[in-house]
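Contents: one structure, followed by commentary.
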Number of protein chains: 2
Amino acid sequence: MDPLGSGMYDKSTATIANILSSAGALFLRKNYADVTIADIAEAAGVTKGAVYHHFANKESLYVAMMQAVLTEKQALFQAAVASPGTCRERLKRFTRTFLELPREKRDVTKLVRRDINTFKDPVRSQLILAYQSALPEQIEIILEDGVRAGELGLADVRLLSWMYVAIVEVMLTPYAERVFDNQNDQLDFVIRLFFNGAGAN
Amino acid sequence: MDPLGSGMYDKSTATIANILSSAGALFLRKNYADVTIADIAEAAGVTKGAVYHHFANKESLYVAMMQAVLTEKQALFQAAVASPGTCRERLKRFTRTFLELPREKRDVTKLVRRDINTFKDPVRSQLILAYQSALPEQIEIILEDGVRAGELGLADVRLLSWMYVAIVEVMLTPYAERVFDNQNDQLDFVIRLFFNGAGAN
DNA sequence: GGGGATCCATACTGGTCGGTATGTTTCTTG
DNA sequence: CAAGAAACATACCGACCAGTATGGATCCCC
């Protein structure tokens, strides 16, 4: 609660991190409603009391978990966005940093799409904004430059970025990981499909 | 329960259809756990007793709803698959029949991806199979022919079909419908992106 | 080393919801 | 039209779970 604090307990920050990480893993496996606070507490090695000491309720715990994962990535992503080169190179670099993340961190991004309907509108839009600014909008910036440079055809870049994310998410399925045996091939496939299409030649 | 029946009540088949349709609309808006049997009953104009008279439990109601929607479409889809022409033409025809479906029927296909984690393995794989045979596998057939004819580059067609479905699903979002003002433009955009990519020229 | 705050555990409550038990109506069949 | 079955409605139960209340342990500061 006081990350800049002078000399207060930092034992709590460790348990908070534990709770958030355990919650992320559980929310990934089961739907929001099917994950109980007791589950999270048990996975984190604490009790419900500890959880409710650090988080007001289940919703805010979920939001905190999501934002923790997203903001943790943000620096990496922005580096890829700010990197030099063609649109294709930058998008490839962006996707590589994404694919090279540990699996749990990667897959959490799919949660927003899945669970978004469970939340009502204060929390709902909060989650959507956090997600969009972390992923699609970053891609949007790269694509925007691509259109300006004539590297991409004229199109709605926001829509394009969503579709690109959708394609990449298919790459996170177990089947896709079975088809390719290394991340470079995955990467090349996605980039080639997005820029050149599936058509021959 | 006796669709071939001699002269039994067919009032029940009407209420069953009501229940299934109301359930579909509700499951589309809220997550599985957040839709109660009472909600479904109320939306269908009956009570819980009626629901539990026709369906053993909540799970089987969900499965029945999904299968009803999918098998209803199957004839239409197979016609598009069996139609003549190039891979591109057939895929376009397939997608058009999909996009021209009433919105509720269309969007139900997104449910499988969303709710699949809530079910355990007898029901889970049942749902996946029903979905895959209704959509991705039909597309797979078309793409398979495209690869054989040299119209598509060599690639894993199952993966390609999933990615195509993912792209089309992005077209079902409210934002995408705001970008285009008719379905023909949507269709052309998706087909062009898939075959030719987003790159210029 | 006492006072106070933070941290966490245990016990409990209120409400919700899936499912059941049982009554009541409506249709079919003989 | 009587008898039975199917199609519903109503009332209720039991389990589960988010959230609370409260007590005890741990640490900081003076």
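Here is the naming used below: chain letters follow the sequence lines, and residue numbers restart at 1 for every chain.
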**Request:** With DNA chain D as reference, determine whether Gly49(B) or Glu59(A) sits nearer its 5' end, using the nearest nucleotide of each.
**Result:**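 Result of the comparison: Gly49(B).
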**Prompt:** Are Arg103(A) and Glu177(A) within salt-bridge range, i.e. N to O under 4.0 Å?
**Reply:** yes
Looking at [X], does any N or O in its side chain come under 4.0 Å of the phosphate oxygens OP1/OP2 on [N]?
X        : N      : answer
Thr15(B) : dC8(D) : yes
His53(B) : dA9(D) : no
Ser12(A) : dC7(C) : yes

**Request:** Inspect the surroundings of CD in Gln78(B) and state if more than 12 heavy atoms from other residues, nucleotides or ligands are less than 6.0 Å away.
**Result:** yes
**Asked** What does Val46(B) touch in the nucleic acid at a heavy-atom separation under 4.0 angstrom: a base, only the sugar-phosphate, or nothing?
**Response** sugar-phosphate
**Closest listed nucleotide, where the reference is the side chain of Lys58(A) and the choices are dG19(D), dT10(D), dG18(C)** = dG19(D)
For atom [atom1] of [X] and atom [atom2] of [N], their distance in whole Å:
X        : N       : atom1 : atom2 : value
Tyr52(A) : dA21(D) : OH    : C1'   : 14 Å
Ile19(A) : dC7(C)  : CD1   : P     : 11 Å
Phe55(B) : dT20(C) : CZ    : C1'   : 18 Å
His54(A) : dG19(D) : NE2   : C1'   : 17 Å
Tyr32(B) : dT16(C) : OH    : P     : 20 Å
Asn57(A) : dG14(C) : CG    : P     : 20 Å

**Asked** side chain to side chain contact (heavy atoms under 4.5 Å, CB included) with Asn57(A): which residues, sequence neighbours excluded?
**Response**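 Side chain to side chain contact (heavy atoms under 4.5 Å, CB included) list for Asn57(A), sorted by chain: Glu59(A), Ser60(A).
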**Asked** side chain to side chain contact (heavy atoms under 4.5 Å, CB included) with Ala17(A): which residues, sequence neighbours excluded?
**Response** none
**Prompt:** Got a sec? Which of residues 34-41 of chain B come in under 4.0 Å of DNA chain C, heavy atoms?
**Reply:** Val35(B), Thr36(B), Ile37(B)
**Polar contact flag, side-chain donor to acceptor under 3.5 angstrom, Asp115(B)-Thr118(B)** =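 Side-chain D/A pair, Asp115(B) to Thr118(B): absent.
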**Message:** Can you confirm whether the side chains of Tyr175(A) and Asp156(B) place a donor and an acceptor under 3.5 Å from each other?
**Reply:**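 There is such a pair (donor and acceptor under 3.5 Å, judged by atom type) between the side chains of Tyr175(A) and Asp156(B).
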**Message:** Using only modelled atom types and a 3.5 angstrom limit, is any donor from either the side chain of Lys48(B) or the base of dG19(C) paired with an acceptor on the other?
**Reply:** yes
**Item:** Minimal non-hydrogen separation, Val81(A) against Arg90(A), with atom names
**Value:** O-NH2, 2.7 Å
